[in-house]
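For the numbers below, each heavy atom of this structure counts, side chains included, while hydrogens, waters and symmetry mates do not. Below, read A as the first sequence line, B as the second, and so on, with proteins coming before strands; counting in each chain starts at 1.
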Amino acid sequence: MPELPEVETVVRTLRNHILHEKIHHVQVFWERTVYESETFIQDLTNQHIQDITRRGKYLIFTLDKGFMSVHLRMEGRFYMTPLDEAPKKHTHVVFYLKDQKLEFNDTRKFGRIKYCTEDPVILLTQLGLEPFDECLNPAYLRLKAKNRSIPIKTFLLDQSVIAGIGNIYADEICFLCHLSPLKKVKTLTLKQWQELIDNVRMVLSDAILAGGTTVRSYTSSLGVTGRFQNTLNVYGRASLACVSCTTPLKSIKIGQRTSVYCPACQKG
DNA sequence: AGATCTACCCGCACGC
DNA sequence: TGCGTGCGGGTAGATC
């Protein structure tokens with residue numbers, strides 16, 4: 001499910017359910033999901049979940065003696081299930097808590113979980129600014145975009161510039177900015193960067209309020225029954241009529257990722 | 001020389 | 001049955 005609003009939704013849901021709980025036992029069914037799998041289980045056992053936060057698309061669990069970072073990648077998700085219930089299909093890691101268990105479930109096995117003793121905020125310094133960080137301003141983006149010929153779509157997906165935007169919201173942001181996703185970033189004006197920041201924040205905060213976007217229908221998966229898909233303007237609407245001008249939306253590939261936009265509205 | 005582009009990889013489900 | 005696709009991101013090697 002993984003863009004910032006979906007991760008934020010999962011973090012909020014988990015905070016409401018398992019904060020301060022003790023991890024009594026851990027099971028790993030697919031070794032490659034966890035880093036340092038030899039010590040992962042013993043590292044986590046008997047630690048308490050003191051806090052759960054988000055940085056970009058990463059979830060960060062603060063434990064007694066260290067931190068656990070989780071990246072959901074394409075389809076990673078969490079389930080909270082009764083202790084006596086068998087793990088679901090595609091569950092690769094199980095955390096046994098007091099009265100329930102937390103399952104990390106990932107159909108495509110792309111998600112990764114890592115335990116470290118140092119604050120991963122330091123380890124994640126390669127990530128750019130959070131969208132709602134007040135340091136995010138037109139001057140910052142213009143500097144990052146200086147002399148660069150990459151498309152705005154690619155720039156928005158670059159986690160070292162702004163952390164948390166993925167393929168859905170990048171397309172939506174370009175649409176709201178009336179900018180072609182192919183627009184070269186070095187050509188944007190300060191005014192356009194400000195509009196972009198405004199739209200980044202608007203789209204992401206609206207999506208968080210809606211509980212994120214659920215593209216496929218997942219059954220009872222934790223915190224991903226989003227409703228934002230109902231308000232998408234371009235993502236997934238290739239060849240359908242533009243909501244603004246009825247021109248058929250166009251679909252192209254930018255950096256190996258599908259990009260949908262209105263050739264009439266997004267000429268900037 | 002450094003920035004950028006392209007292909008490809010990773011497991012798997014789904015639709016055609 | 002087979003093929004293309006995907007809410008992510010890393011890498012290697014080619015190319016600008």
Rounded to whole Å, please give me the gap between [atom1] in [X] and [atom2] in [N].
{"X": "A:Leu59", "N": "C:dG8", "atom1": "CG", "atom2": "P", "value": "15 Å"}
{"X": "A:Arg257", "N": "C:dG6", "atom1": "CZ", "atom2": "P", "value": "9 Å"}
{"X": "A:Ile254", "N": "B:dT4", "atom1": "CD1", "atom2": "P", "value": "15 Å"}
{"X": "A:Gln159", "N": "C:dC7", "atom1": "CD", "atom2": "P", "value": "15 Å"}
{"X": "A:Lys144", "N": "B:dT4", "atom1": "NZ", "atom2": "P", "value": "12 Å"}
{"X": "A:Glu172", "N": "C:dC7", "atom1": "CD", "atom2": "P", "value": "12 Å"}
{"X": "A:Glu75", "N": "C:dC7", "atom1": "CD", "atom2": "P", "value": "9 Å"}
{"X": "A:Asp106", "N": "B:dC12", "atom1": "CG", "atom2": "C1'", "value": "10 Å"}

Quick one: is [N] close enough that its OP1 or OP2 comes under 4.0 Å of any side-chain N or O from [X]?
{"X": "A:Thr258", "N": "C:dG6", "value": "yes"}
{"X": "A:Lys57", "N": "C:dG8", "value": "yes"}
{"X": "A:Lys253", "N": "B:dT6", "value": "no"}
{"X": "A:His71", "N": "C:dG8", "value": "no"}

> Touch check for A:Lys89, heavy atoms < 4.0 angstrom, all strands: base, sugar-phosphate only, or nothing?
Replying inline: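 Sugar-phosphate: the residue A:Lys89, judged by heavy atoms under 4.0 Å, touches backbone atoms but no base.
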
> Which part of the nucleic acid, if any, lies within reach of A:Ser149 when heavy atoms closer than 4.0 Å are counted: base, sugar-phosphate only, or nothing?
Replying inline: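 The residue A:Ser149 makes sugar-phosphate contact but no base contact.
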
List for me each residue that meets side chain to side chain donor-acceptor pair (under 3.5 Å) alongside [X], sequence neighbours excluded, and say none if there are none.
{"X": "A:Thr81", "answer": "A:Lys101, A:Glu103"}
{"X": "A:Arg237", "answer": "none"}
{"X": "A:Thr258", "answer": "A:Lys253"}

> List DNA chain B stems (3 or more consecutive Watson-Crick/G-U pairs, under 3.5 Å)?
Replying inline: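 Detected stem regions: B:2-10 with C:8-16, B:12-16 with C:2-6.
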
>> Can you list everything that forms a salt bridge (Lys or Arg N to Asp or Glu O under 4.0 Å) with A:Asp133? Sequence neighbours excluded, please.
In response: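 So A:Asp133 forms no salt bridge (Lys or Arg N to Asp or Glu O under 4.0 Å) with any residue.
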
> How would you list, by chain and number, every residue that makes a ring-ring contact (aromatic ring centres under 6.0 Å, His included) with A:Tyr261, sequence neighbours excluded?
Replying inline: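 Not a single residue meets the ring-ring contact (aromatic ring centres under 6.0 Å, His included) criterion with A:Tyr261.
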
Extract from the structure each pairing of a protein N or O with an N or O of nucleotides 14-16 of chain C at less than 3.5 Å, listing the distance.
none

> Charged N to carboxylate O below 4.0 Å: is that the case for A:Arg73 and A:Glu75?
Replying inline: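 So A:Arg73 does not pair with A:Glu75 through a salt bridge.
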
Using the [atom1] atoms only, state how far [M] lies from [N], rounded to an integer number of Å.
{"N": "C:dC3", "M": "B:dC8", "atom1": "P", "answer": "16 Å"}
{"N": "B:dA13", "M": "C:dG9", "atom1": "P", "answer": "22 Å"}
{"N": "C:dG10", "M": "B:dA1", "atom1": "C1'", "answer": "22 Å"}

>> Need the glycosidic conformation of C:dG4: syn if within 90° of 0, anti if not. Which one?
In response: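 You should classify C:dG4 as anti.
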
> Is there a donor in the side chain of A:Gln229 and an acceptor in the side chain of A:Tyr235, or the other way round, less than 3.5 Å apart?
Replying inline: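 Side-chain D/A pair, A:Gln229 to A:Tyr235: absent.
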
> Is there a donor in the side chain of A:Gln159 and an acceptor in the side chain of A:Gln126, or the other way round, less than 3.5 Å apart?
Replying inline: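 No pair is found: no donor N or O on one side chain lies under 3.5 Å from an acceptor on the other.
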
>> Checking A:Lys267 now: which residues fulfil side-chain contact (heavy atoms from CB on, under 4.5 Å) with it, not counting sequence neighbours?
In response: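 Residues passing side-chain contact (heavy atoms from CB on, under 4.5 Å) with A:Lys267: none at all.
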
Can you name the atoms? Protein N/O to nucleotides 7-11 of chain B N/O, anything below 3.5 Å, with the distance.
unit_1: B:dG11; atom_1: OP1; unit_2: A:Arg32; atom_2: NE; d: 3.2
unit_1: B:dG11; atom_1: OP1; unit_2: A:Arg32; atom_2: NH1; d: 2.6
unit_1: B:dG11; atom_1: OP1; unit_2: A:Arg32; atom_2: NH2; d: 3.1
unit_1: B:dG11; atom_1: OP2; unit_2: A:Arg32; atom_2: NH1; d: 3.2
unit_1: B:dG11; atom_1: O4'; unit_2: A:Arg108; atom_2: O; d: 3.2
unit_1: B:dG11; atom_1: N7; unit_2: A:Arg108; atom_2: NE; d: 3.2
unit_1: B:dG11; atom_1: O6; unit_2: A:Arg108; atom_2: NH2; d: 3.4

> According to the interplanar angle, ranging from 0 to 90°, do the rings of A:Tyr58 and A:His71 count as parallel (below 30°), tilted (30 to 60°) or perpendicular (above 60°)?
Replying inline: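 A:Tyr58 and A:His71: perpendicular rings.
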
Can you pull the salt bridge (Lys or Arg N to Asp or Glu O under 4.0 Å) pairs that have at least one residue in [range], sequence neighbours excluded?
{"range": "residues 61-72 of chain A", "result": "none"}
{"range": "residues 186-204 of chain A", "result": "A:Lys191-A:Glu195"}
{"range": "residues 141-170 of chain A", "result": "A:Lys153-A:Asp171"}

